[in-house]
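All remarks here apply to the structure that follows.
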There are 2 protein chains.
Amino acid sequence: MSTDDSLRLDRQLCFPLYAAARAMVQAYAPLLEKLGLTYPQYLVMLVLWEEDGVSVKVLGERLFLDSGTLTPLLKRLETQGWVRRERSTEDARSVRVSLTTSGRALKRKAASVPEAMSCRLGMSLEEVTRLRRDMRRLFEVLSK
Amino acid sequence: MSTDDSLRLDRQLCFPLYAAARAMVQAYAPLLEKLGLTYPQYLVMLVLWEEDGVSVKVLGERLFLDSGTLTPLLKRLETQGWVRRERSTEDARSVRVSLTTSGRALKRKAASVPEAMSCRLGMSLEEVTRLRRDMRRLFEVLSK
DNA sequence: CGCAATTAAATTGTGCGCAATCAATTTTGG
DNA sequence: CCAAAATTGATTGCGCACAATTTAATTGCG
């Protein structure tokens, strides 16, 4: 029998996950465009709005991204004027990423983004919470 | 109050979704490396193993990818010897993508991949089914 | 028929992601 | 104190993704 059911596209969990993640990034795009941010840049800004002046290493730990992704992304954020990058004086290996005044101010404009997305989803808080928990568990299983 | 809770990273649904999707692709990588495929290439092969000789357009419809992604990817699959690309004779705008003998044979080696992943997940079939349904619904909401 | 509108791929340009490697710095163990 | 190991970022190279544009072919309509 040629048809191995386990290889059918509609049997996969990976594909809807992959497609949903891409659709999510695309759904954010028009909202973030108003802020001059891409989705990964938005994630970096979320971290910095919570804890300013962290190293590239810490950003990478929070977002599970490496320096190969973050270094050029941060340079773009710097060019756009949202962040500053400077070598640490205590440990010259480390690069400290800090918000500029504009970068801090951008948080106010960004405040409408989560609300807009939650409207878009049209799900109850409970449902979003459950999905978030599921995604975290999936991540845990897949990343070890 | 500076701290708008709605912008906290741990409040987002998008981030675990994004992280899980990337972790999933990484989890597939060592399995697919044995086959000489990347994850998106594997998705294309899943479609072709189900229906051989489809156009780039159909591949795009199945996988929600556009020609900007598929054209170079298919050229790489062709270089690797898994597929053939040829202009349709009925409609010269269309490009028909067909499996080579090797490409068809690769399906046997790929058969172990879904099983390996399902072991990795360590979830019940019911749970996988529920998650898949959730991801599809999320995709539907986000892609319209 | 003839031509505008549509369709299918390919191309171009930008921005991730990530493996692998490298350079600079710091830490550590003898 | 000093050489080896570890740490931190940057760089390089490749493969997606996707928007926007281009090219070529087909369709539809007056």
Side-chain angles (χ1 to χ4, degrees), chain A residues 14-15 18-30 32-33 36-45 54-61 63-80 83 85-97 139 142-143, chain B residues 14-15 18-30 32-33 36-45 54-80 83 85-97 142-143:
Chain A
C14 62
F15 175 55
Y18 173 73
R22 285 188 292 125
M24 180 276 295
V25 171
Q26 285 185 61
Y28 268 96
L32 296 179
E33 194 181 20
L37 295 174
T38 64
Y39 178 74
Q41 289 168 7
Y42 173 65
L43 290 182
V44 168
M45 294 302 282
V54 295
S55 63
V56 174
K57 173 184 161 64
V58 167
L59 281 173
E61 285 169 355
L63 301 175
F64 310 106
L65 291 170
D66 72 4
S67 70
T69 300
L70 287 173
T71 298
L73 185 156
L74 290 168
K75 284 180 179 173
R76 285 184 285 269
L77 284 180
E78 189 172 42
T79 301
Q80 310 254 349
V83 308
R85 293 159 63 247
E86 43 203 356
R87 288 276 162 190
S88 164
T89 46
E90 313 96 61
D91 187 340
R93 292 171 304 179
S94 178
V95 168
R96 186 183 185 72
V97 183
F139 174 78
L142 289 169
S143 65
Chain B
C14 62
F15 175 54
Y18 173 74
R22 287 188 292 123
M24 180 274 294
V25 171
Q26 286 185 61
Y28 269 95
L32 296 178
E33 195 183 18
L37 295 174
T38 65
Y39 179 73
Q41 291 169 5
Y42 173 66
L43 290 182
V44 168
M45 294 302 282
V54 295
S55 64
V56 174
K57 174 183 160 66
V58 167
L59 281 173
E61 285 168 356
R62 297 276 187 284
L63 300 176
F64 311 106
L65 292 170
D66 71 4
S67 70
T69 301
L70 287 174
T71 297
L73 185 156
L74 291 168
K75 285 181 179 172
R76 284 185 285 271
L77 283 181
E78 189 172 41
T79 301
Q80 310 253 348
V83 307
R85 294 158 63 246
E86 42 204 358
R87 287 278 161 191
S88 164
T89 47
E90 314 96 62
D91 187 341
R93 290 171 303 180
S94 178
V95 167
R96 185 184 186 70
V97 183
L142 289 170
S143 64

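All chains are named by letter (A, B, ...) in the order of the sequence lines, taking the proteins before the strands, and each is independently numbered beginning at 1.
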Original post:
Is the shortest side-chain N/O distance from A/Arg93 to OP1 or OP2 of D/dA6 below 4.0 Å?
Top reply: no
**OP:** For B/Ser94, answer base if it contacts any base atom (sugar-phosphate contacts may also be present), sugar-phosphate if it contacts only those atoms, and nothing otherwise; contact means non-hydrogen atoms under 4.0 Å.
**Re:** sugar-phosphate
Original post:
What is the distance, rounded to the nearest whole Å, between atom CG of A/Leu74 and atom P of D/dT11?
Top reply: 12 Å
Subject >> B/Lys75 side chain near C/dT11 phosphate (N/O to OP1/OP2, under 4.0 Å) >> reply: yes
**OP:** When you get a sec, tell me which of D/dC16, D/dT11, C/dA10 is the closest nucleotide to the side chain of B/Pro40?
**Re:** D/dC16
Original post:
Are the side chains of A/Gln26 and B/Leu142 in touch, meaning some heavy atoms are under 4.5 Å apart?
Top reply: no
Subject >> Residue whose nearest DNA chain C nucleotide is more 5′ - A/Pro72 or B/Pro72 >> reply: B/Pro72
**OP:** With DNA chain C as reference, determine whether B/Val56 or A/Thr89 sits nearer its 5' end, using the nearest nucleotide of each.
**Re:** B/Val56
Original post:
Donor-acceptor pair, B/Arg87 side chain versus B/Ala92 backbone, under 3.5 Å?
Top reply: yes
Original post:
Are the side chains of A/Pro40 and A/Thr69 in touch, meaning some heavy atoms are under 4.5 Å apart?
Top reply: no
Original post:
Nearest to the side chain of A/Gln26 - D/dA19, C/dT26, C/dC16?
Top reply: D/dA19
Original post:
D/dC18 P sits how many Å from B/Leu63 CG, rounded?
Top reply: 11 Å
**OP:** Would you indicate what A/Ser67 reaches in the nucleic acid, counting non-hydrogen atoms under 4.0 angstrom: base, sugar-phosphate, or nothing?
**Re:** base
Original post:
A/Leu65 has an atom CG; how far is it from atom P of C/dG15, in whole Å?
Top reply: 16 Å
Original post:
To the nearest 0.5 Å, how far apart are OG1 in A/Thr71 and CZ in A/Arg76?
Top reply: 10.5 Å
Original post:
Between D/dT11 atom C1' and A/Arg85 atom CZ, what is the distance in whole Å?
Top reply: 13 Å
Original post:
With under 30° as parallel and over 60° as perpendicular, where do the rings of A/Phe64 and B/Phe15 fit, or are they tilted in between?
Top reply: parallel
**OP:** Nearest whole angstrom, please: distance from the C1' of C/dC18 to the CG of A/Leu59.
**Re:** 17 Å
**OP:** For B/Thr38, answer base if it contacts any base atom (sugar-phosphate contacts may also be present), sugar-phosphate if it contacts only those atoms, and nothing otherwise; contact means non-hydrogen atoms under 4.0 Å.
**Re:** sugar-phosphate
Original post:
Can you check whether A/Arg87 has a side-chain N or O nearer than 4.0 Å to OP1 or OP2 of D/dT8?
Top reply: no
**OP:** Using heavy atoms to find the nearest nucleotide of DNA chain D for A/Ser55 and A/Arg22 separately, return the residue whose nucleotide is more 5′.
**Re:** A/Ser55
Original post:
Side-chain contact, heavy-atom cut-off 4.5 Å: A/Leu74 with A/Leu59?
Top reply: yes
Original post:
Rounded to the nearest Å, what distance is computed from the NZ atom of residue A/Lys57 to the P atom of nucleotide D/dT8?
Top reply: 4 Å
**OP:** Mind checking A/Arg96 for me? I need base, sugar-phosphate or nothing, with any heavy atom below 4.0 Å counting as a touch.
**Re:** nothing
Original post:
What does A/Glu33 touch in the nucleic acid at a heavy-atom separation under 4.0 angstrom: a base, only the sugar-phosphate, or nothing?
Top reply: nothing
**OP:** Look at all strands and tell whether B/Leu73 reaches a base, only sugar-phosphate, or nothing, counting heavy atoms closer than 4.0 Å.
**Re:** sugar-phosphate
Original post:
What integer distance in Å separates A/Gln41:CD from C/dG15:C1'?
Top reply: 8 Å
Subject >> Atom-pair distance (CG on A/Asp66; C1' on D/dG9), nearest Å >> reply: 10 Å
